[in-house]
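To start, the structure itself, in structure tokens.
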Amino acid sequence: MKTYYCVTSTFDNRGRVTANITRQIEAEQMPESSYTSTSRKDIYNDWFESIEEAREFTEQAKRA
């Protein structure tokens with residue numbers, strides 16, 4: 001089993017961005033990343049194999 005980390009990032013219609021590590025699971029395979037679009041924002045759930053990768057992605061998303 002391996003630990004995987006989910007970063008949830010949102011991009012709203014006003015240009016505001018949020019990004020945080022929202023989940024950690026142990027699994028045999030990394031979950032699929034997903035995307036949802038609503039009338040007010042786009043929501044992404046991206047999975048990473050290490051906490052360092054997840055943290056770096058979070059920082060990059062906040063600078064977008």
Side-chain angles (χ1 to χ4, degrees):
M1 292 275 229
K2 186 166 177 155
T3 303
Y4 298 99
Y5 304 87
C6 179
V7 173
T8 300
S9 51
T10 64
F11 300 83
D12 73 14
N13 293 343
R14 295 181 181 178
R16 290 182 291 201
V17 177
T18 63
N20 291 294
I21 298 170
T22 56
R23 215 168 152 205
Q24 171 182 325
I25 64 166
E26 287 190 21
E28 294 291 329
Q29 294 184 37
M30 185 165 59
E32 296 252 346
S33 294
S34 62
Y35 160 80
T36 304
S37 183
T38 69
S39 62
R40 294 183 182 188
K41 65 178 102 177
D42 294 332
I43 305 163
Y44 296 86
N45 290 303
D46 296 292
W47 288 92
F48 298 91
E49 293 185 359
S50 73
I51 190 73
E52 292 82 15
E53 285 180 300
R55 286 180 181 147
E56 179 62 29
F57 185 85
T58 299
E59 292 305 314
Q60 288 178 4
K62 288 179 180 179
R63 286 186 240 131

Just verifying a value: how many Å separate [X] [atom1] and [Y] [atom2], rounded to the nearest 0.5 Å?
X	Y	atom1	atom2	result
S34	D46	OG	CG	8.0 Å
N45	T36	CG	OG1	7.0 Å
K2	Q29	NZ	CD	12.5 Å
S9	Y35	OG	OH	11.0 Å
Q24	W47	CD	CH2	9.5 Å

With heavy-atom distances below 4.5 Å as the criterion, would you say the side chains of I21 and F48 are in contact?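 The answer is no, as the side chains (C-beta and beyond) never meet within the 4.5 Å cut-off.
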
In the structure I gave you, are the side-chain heavy atoms of I51 and T3 within less than 4.5 Å of one another anywhere?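 I51 does not reach T3 side chain to side chain.
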
Of the non-hydrogen atoms in [X] and [Y], which two are nearest, and what is the gap between them?
X	Y	answer
Y4	E28	OH-O, 3.7 Å
V17	A61	CG1-O, 3.1 Å
I25	P31	CD1-CG, 3.4 Å

So F11 and Y44, would you call those rings parallel, tilted or perpendicular, with 30° and 60° as cut-offs?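 The arrangement is perpendicular - the two ring planes meet at more than 60°.
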
Checking the side chain of N20 only, and the main-chain atoms of T22 only, is there a donor and an acceptor separated by less than 3.5 Å? no

Exactly one candidate in E56, K62, R63 meets side chain to side chain donor-acceptor pair (under 3.5 Å) with Q60; the answer is E56

Dump the intermediate steps for side-chain contact (heavy atoms from CB on, under 4.5 Å) on Y5 and R23, then the final yes or no. CA-CA 6 Å; Y5 304 87; R23 215 168 152 205; over 6 Å; no

